[in-house]
Asks: 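Take a look at the following structure, please.
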Amino acid sequence: MSTTAPETPQAMTGDEGTIAIEMRNIRKAWPGVVANDNVSFTVQKGEIHALVGENGAGKSTLMNVLYGLLRPDAGEIYVNGKLAHISGPRDAIALGIGMVHQHFMLIPPLTVGENITLGREPVYNVDVFDTAKANANIRELSAQYGLAIDPSTRTSDLPVGLQQRVEILKVLYRGADILILDEPTGVLTPQETDDLFVVLRGLVKRGKTIIFITHKLREVLEISDNVTVLRRGKVVGHLVTKETNQEEIARMMVGRDVLLRVEKPPAKPGEPLLRVEHLNVTSEQGIPAVRDLSLEVRSGEILGIAGVEGNGQSELVEALAGTRQVVSGHIQIGDAAITNIGARKIRSAGMAHIPEDRRESGLVLNYSIADNLIFGHQRDDTFTWKGIMLRLQTIREWAERLIKQFDIRTPSPDIAARALSGGNQQKVVVARELSSKPKVLLAAQPTRGVDIGAIEFIHRQLVAERDSGAAILLVSAELDEVRSLSDRIAVMYEGRIVSFEPADATEERLGLLMTGGGQKQEHASA
Amino acid sequence: MAAPQAPTKPAKPGETSMPVIWAKQLGRLIGAPIGSVIFAFIIGAIIVLITGGDPIQAYQGLFCGGIGLFCTGDLYSSITPALEISSTIVFATPLIFTGLAVALPFRAGLFNIGAQGQLTMGAIAAAAVGIHYASWPGFILLPAVLIVGTLAGAAWGGIVGVLKAFTGAHEVVTTIMLNYIAAFFLYYLLRGGPMQLAGQPEISANVGAGAQLPHFLNGNGQLFGQPIGVYQAHTGILIAFAVAVLFYILLKRTALGYEIRAVGQNQRAARYAGISVKRTLIITMLIAGAFAGLAGGVEIAGLSHQLTIRYATDSTGFDAIAVALLGANAAIGIILAAFLFAALRVAGPVMQGNANVSQNLVDIIQAVILFSIAANFLRTFKIRLPALRQTPPGEDAPMVATTVTELEDTEPSEPAEVGDTA
């Protein structure tokens, strides 16, 4: 995959006519924090420019300034060489700037055509939506850019990769020449990512300019021509992609050397600790989400679940954790059956759970760090006298110990979890869950939205937990994470495990299995 | 969030010290309520001014009539400050109970509009026991009256909790309906029903002497030129303080309170942590109902000594919502807010009678207080102090730049999801 960078159509002469965007000395501060500190950022016409940095480095702020969502405190923006005053997205669009947001802004029940033309609908008889004309326009547009899509499909019926294509078309429909893509690959499978890259290269060939926000270094190397690295609101480097490598970019982003690969000794699996047999679980809508699933995780092993999001992983984890009803099947920890006995009892049976969404499910953001560190254990004898009065002193000492042990960066355990960075919030969850000395650990997206330094730390903790004898079930949308952490990989597709693979399975093979390829035709009816 | 916990270790150099953080938290907590009150008084003054009155005189009337301050001059020669204070205490007592009854469910994410009905049922049950067992000695009868009132309120609140937990029925709807049921039940009892005192409209018999809470001032003499009997402040206020302390301990120091707050803050996370949300909601409403029911019992035992229509028609249970809101759902805040509202109520007639300013001003002030809290617009005027998490990443910042960005990775400060508005 990642071999040569695509050719740059225009030579970078530095001539005014070749510069699409120039942001000069942009400053944006909130009380006490400088999100963009004197940032200068230049994008050539017809290039793919990667903007990288950790969470909170100021990437989004900078792009929101460019798109008119935020007003900078200082600095100037030049679009195609002319000073621009962008006071809202409307101005940005008029200047030919379009933004594809990380979270899609589509209306699911509407058709593709309706979504794309939304706000600029072709009409007849003054106000009747002209479906035929809209669809014709879109067909023309998709032919022009090689973005095949059927305008009459309902948007909600499309897979994520195609929904993103709708977003891109929407931006093109509004006449954008400069496209900002905010973390566009976060929700895509490897194949969809490849498709996206083909599309992006095609757009560049047709004269578009692309700003690509990401923190995935492999993609930076694969797709971009130039890289701008932000750290703590400042530009720390401009790099030509061809002349750099992952290590250099990572070092710039984090400010120190980073271990990109997980170091782990070979697993020494013991007896099975988590056993799941013929499990069936339904989704919120009552649709079967987990189908006849069986698996086993042994002591001292990490079983990784690979799969495109929405193939039943979340429901599987919730069923195991006891927050979702099991329709049929059997789950046990060691010799104890835990099927449908409730989250509390499952916890006491030795299950710990790092939920996939820490802000929604893992933390009470307004609670202090100390309170969050006992969450779920608030009635344990350690923390409560006779199940009634909290032992505040013990809780505090406990919190101070975990904060130290898990390197949670905070001035005090009394700070609300809300005030912590994503990485530190996740450390709070990980600390709490690991500190209960679980037999089985469910780790769902354990490093989602976490910066590189914290990812490294959390990975080390998970491996250490494995080596101390826990059975770990890892669910992650990051294929890299699954591959580097797991001792075995189970590929999940449409609620079933379609294959158990060794840890060194190739990305291509896993990607194929994740999208339903390579399996027998028996589930075709689904 | 209520008052900050006890301060602990001194801050290390270079850290944002906890006292500073707490001061800011406290500021954030009490800024809005205090600002709202000040704002309301300013608006009130303007209204008095443009309607041709004298704001200073009006507020002198309010202070004199509410808390017995500034009762100088001829206008107020007829006012007995001590009596005004006594009356304010009388009004504040049920407001504290019911304010707590609204605040506790608030903490669990429930909006208890039903303190009124819970109070009504508590009063009915308390009066029934007090009348029926009137001959019992006080040391049994008084506790019995208060306990039965508490239980009746708890049951009335519990219904709401059970419905919420098992059918998902919205508590706002169910509490309003239960308020009606309680009110009409009271009307039935007192209008020709079993509790009506023969030949008397809309009142019951008196409870037994043993069922009565002692007043602070007893005897037949005179005090400040008034018969002692008119100083109605009763020891129920002490029970109210005790319940407020209980409320604080429950929320801040017990595992149950921890769970109640967790359910209110993040139900999903609570479920993930193994907390039974249903159980927590039911218990919360039981306790809230108990607080309001006790208010009914205390009013019967301490003030009216008989059941009257007032237990359904006055606005205590609704003023309680205002009290809880102004008091930021914290024990101490509720006590202060209850006294404020009580003082305004008591002062209204004084202001009208002595300062010749319509007592509707009281309603206006109350309304503006609530309006400005609810609309939350005073934030716009706040002095922009750097918030806690936004420690500038400078030389002396707590997080030395050895590793990753810390503390600055907080989305809330920026409108991240403004969306494509074009």
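Numbers restart at 1 for each chain; the letters A, B, ... are given by sequence-line order, proteins then strands.
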Asks: Quick check: closest heavy atoms across B/Arg268 and A/Glu318, and the distance to 0.1 Å?
Replies: NH2-OE2, 3.6 Å
Asks: Is the distance between the ring centroids of A/Phe375 and B/Tyr272 under 6.0 Å?
Replies: no
Asks: To the nearest 0.5 Å, tell me how far B/Arg271 CZ sits from A/Arg324 CZ.
Replies: 8.5 Å
Asks: Looking at A/Gly376, A/Ser361, A/Gly68, which one has more heavy-atom pairs under 4.5 Å with chain B than the rest?
Replies: A/Ser361
Asks: Would you mind reporting whether B/Arg261 and A/Val364 have side-chain heavy atoms less than 4.5 Å apart?
Replies: no
Asks: To the nearest 0.5 angstrom, please state how far the NZ atom of B/Lys252 sits from the CG atom of A/Leu392.
Replies: 10.0 Å
Asks: Identify which of A/Arg432, A/Arg391, A/Glu360, A/Lys345 forms the greatest number of heavy-atom pairs closer than 4.5 Å to chain B.
Replies: A/Glu360
Asks: To the nearest 0.5 angstrom, please state how far the CD1 atom of A/Ile374 sits from the OH atom of B/Tyr258.
Replies: 4.5 Å
Asks: Grab the two heavy atoms, one from A/Ala343 and one from B/Gly274, that are nearest each other, plus how far apart they are.
Replies: CB-CA, 3.8 Å
Asks: For chain B, which candidate among A/Arg379, A/Arg347, A/His353 shows the most heavy-atom pairs at distances under 4.5 Å?
Replies: A/Arg379
Asks: Which one of B/Ala255, B/Ser276, B/Ala270 has the most heavy-atom pairs closer than 4.5 Å to chain A?
Replies: B/Ala255
Asks: Please check if the side chain of A/Asn366 supplies one atom and the backbone of B/Asn266 the other of a donor-acceptor pair under 3.5 Å.
Replies: no
Asks: Quick check on B/Leu250 against chain A: is it the side chain, the backbone, both or neither that has a heavy atom closer than 4.5 Å?
Replies: neither
Asks: Let me know if A/Thr323 has heavy atoms under 4.5 Å from chain B in its side chain, its backbone, both or neither.
Replies: both
Asks: If I take atom CG from residue A/Leu390 and atom CG from residue B/Leu256, how far apart are they, to the nearest 0.5 angstrom?
Replies: 10.0 Å
Asks: Counting heavy-atom pairs under 4.5 Å to chain B, which of A/His377, A/Gln378, A/Arg358, A/Arg344 comes out on top?
Replies: A/Gln378
